[in-house]
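These notes are about the structure you will find just below.
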Amino acid sequence: MSHNVSIPHRLINQDVAQAPSVVRATFSSLWNPFNSFLEWFGELGIFAWQVMRASVRRPFEGRELMRQLDEIGSKSLPLVALAGAAIGAVLSLESRSSLVRFGAKSMLPAALVFSIIHETGPIVTGLVVSGRVGAGIGAELGSMRVTEQIDAIEASGVNPYKYLAFTRILACVLMLPLLTLAADFCGVLFGWIADTLADPISFTKFIHRGFSGTSFSDFLAPTFRTVVFGLIIGMIGCFQGMRTQGGTAGVGLSATSSVVLSSLFVILADVILVKMILVFFP
Amino acid sequence: MMLPEQQVLLDVPESSATASTENVSGDSGGPAVVIRGLHKSFGKQIVLNGVNLTVKSGETLAMLGRSGTGKSVLLKLIIGLQKPDSGSILVQGQEIASLDLQEMTDIRKKIGFLFQGAALYDSLSVEQNIAFPLKRHTEMTKSERRDRVKELLANVGMESALKKMPGDISGGMQKRVGLARALALKPSILLLDEPTAGLDPITSGEIDELILKLQEEHDMASVVVTHDLLSAKTIADRIALLHEGNVLIEGTFQDLSKSDDKFVLEFMKRDS
């Protein structure tokens, strides 16, 4: 049985003519985002180089650095401490029921301390600071860009990469490990409070059990991992802020993209750094 | 020393060559800013298309033109905030495209810039705003800096605003403070981007008077970008009208008024 289906020539010709344009459209829809991504990385690299070059030139902006240490460090402390405390309490409550089920209740302090110091403290601090500080830097520098304040700094013969970017990046790098220590401390403290409410245990005993199996390297490498988090948050916040375009809408976009990108890169860096720490500090 | 063959090739008389070297050294009497064949585009949009312009020392040049003709871009090119696509900009005899960062900083110290929205640093007080360039480019002590800031604020009639934050003062006051900051390092060239934009006629008049007074006192070369014909008439020695990426006409206000070019007539009609 033959199927005599006749397709009008006009339609066939149209399809053939449209085929290359469909391929081109598909290719460009794949290529354009990839191209933008590569461009963004390239510009970030140039920005990092300019900041690095500016950082070694005198004068050093000590006063602005102090202001940023306060802005990024002291003012983030309550939020970081609260986040650390909440995570500590939740971890304690969640772990307790599981450990009791397996008859390993006495392992709770060690499990809690290990978990907070190794992973929860650094990553929670990184994400909380990227939310608070990343948005702040992105919005502040973005607003300075659209109101020509960055141009005014440059026109005054002052390098904005040093005055604005380097001070903020350095403050993030210096403050992240300290904030992580605060988050770790609050996490352990509130982990103990949550534990002792269910089954009273002295703080000294809790700490003794918690830290009995840990060494200095357990503590050092994860805490200093946050130096990289600080570098990421500061660098991306400043970069996104200083390249802002398009008025107030652009400022909003810079603030949002600073948070999204710095959080994303903090998580990616965490995966890579955890692997590296496991290799170098087994 | 130029060889005779080179002299012939360049077709430059020896006297002219010597004069040009004097300008390059930045001696007084030479032009403050010389722009030759300046091109600048943003994407496909051509903003400046071969602009030639000279600003003499001590003179005030007003730049007029429709919105988007590249007047503000020209100011930013002069101070090196943007890079030209091609052409040359000589500031006190120095080609700014060829300067390194330190040389550019040295040039910028000689140029005061008043931005359209004043661009005061909103995290710093009025005093800190004006002291900002002084702190970084002079050896002044804290008390000397404070005295200089007070003197500059007195010049613009803003002594009382010393401790105020930029957000707490009006637009006109911000322009005055911006002007004081632009004058902090005693520049020899002043670039003013729409100094009277968005201000009421009385405040605009006050700003014009202030600019005239400061020019008399400091003897600077000034380039003023403005849409305000009355302001241009009041403060400028010479006016240049930008149109379609180029200088359509330049001369005194009277020269422009006498022009029979259709666009110039249309533009100047706003004054009557």
Side-chain angles (χ1 to χ4, degrees), chain A residues 39 46 49-72 75 136-137 139-168 171 238 241-248 251, chain B residues 42-43 72-73 75-82 99-124 128-139 142 166-167 171 174 177-179 181-185 187 189-194:
Chain A
E39 263 180 24
I46 294 167
W49 170 244
Q50 280 168 324
V51 172
M52 211 165 73
R53 250 179 18 154
S55 67
V56 292
R57 290 204 172 93
R58 292 176 74 85
F60 302 109
E61 300 286 351
R63 201 187 172 97
E64 180 62 12
L65 176 64
M66 292 306 287
R67 199 173 77 84
Q68 292 308 324
L69 287 173
D70 176 49
E71 195 64 41
I72 291 162
K75 290 180 183 167
I137 292 176
E140 188 187 10
L141 297 190
S143 159
M144 288 183 80
R145 170 59 76 199
V146 300
T147 55
E148 296 185 310
Q149 290 177 53
I150 295 180
D151 284 344
I153 288 173
E154 211 173 338
S156 305
V158 175
N159 190 337
Y161 292 102
K162 179 164 66 181
Y163 179 71
L164 296 174
F166 179 64
T167 51
R168 281 164 175 77
C238 291
M242 286 178 81
R243 72 204 289 260
T244 302
Q245 289 176 328
T248 46
V251 176
Chain B
F42 295 99
S72 301
V73 170
L75 291 190
K76 288 185 178 174
L77 287 164
I78 292 172
I79 201 165
L81 291 176
Q82 287 178 4
L99 300 180
D100 64 22
L101 193 67
Q102 187 52 51
E103 289 168 332
M104 196 67 227
T105 303
D106 292 338
I107 280 285
R108 282 174 179 158
K109 284 193 260 180
K110 295 177 189 171
I111 305 175
F113 198 128
L114 172 63
F115 285 83
Q116 199 171 336
L120 299 179
Y121 315 129
D122 46 22
S123 60
L124 305 180
Q128 289 168 328
N129 260 279
I130 300 171
F132 188 84
L134 294 171
K135 201 174 161 185
R136 280 153 185 88
H137 300 306
T138 67
E139 300 293 317
K142 203 172 177 181
Q174 287 186 12
V177 175
L179 199 51
R181 186 179 65 184
L183 295 168
L185 294 174
I189 300 168
L190 189 60
L191 307 176
L192 305 168
D193 192 0
E194 303 204 23

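Letters go in sequence order (proteins before strands), and every chain restarts at 1.
The backbone N or O of Phe132(B) sits less than 3.5 Å from a side-chain atom of Arg136(B), completing a donor-acceptor pair. Checked by atom type and distance alone, the side chain of His137(B) pairs as donor or acceptor with a backbone atom of Ser156(A) at under 3.5 Å.
At a 4.5 Å heavy-atom cutoff, the contact between Lys135(B) and chain A is made by side-chain atoms alone. Using a 4.5 Å cut-off between heavy atoms, Ile150(A) makes no contact with chain B at all. Using a 4.5 Å cut-off between heavy atoms, Leu120(B) touches chain A through its backbone atoms (N, CA, C, O) alone. Using a 4.5 Å cut-off between heavy atoms, Arg53(A) does not touch chain B at all. For a residue to count as touching a neighbouring chain, one of its non-hydrogen atoms must lie under 4.5 Å from one of that chain's; by this rule Leu124(B) touches chain A with the side chain only.
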| request: List the steps, then state whether side chain to side chain contact (heavy atoms under 4.5 Å, CB included) holds for Phe113(B) with Glu148(A). | output: CA-CA 11 Å; Phe113(B) 198 128; Glu148(A) 296 185 310; over 6 Å; no
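When Leu185(B), Leu114(B), Asp122(B), Ile79(B) are compared by the number of non-hydrogen pairs under 4.5 Å with chain A, Asp122(B) comes out ahead. When each of Arg57(A), Arg67(A), Met144(A) is checked for heavy-atom pairs under 4.5 Å with chain B, Arg67(A) comes out on top.
A distance of 11.5 Å separates OG1 of Thr167(A) from CD of Glu71(A), quoted to the nearest 0.5 Å.
Within a 6.0 Å radius of CD in Glu103(B), other residues, nucleotides and ligands contribute more than 12 heavy atoms.
The shortest non-hydrogen separation linking Val73(B) to Gln82(B) is CG1-OE1, 3.5 Å.
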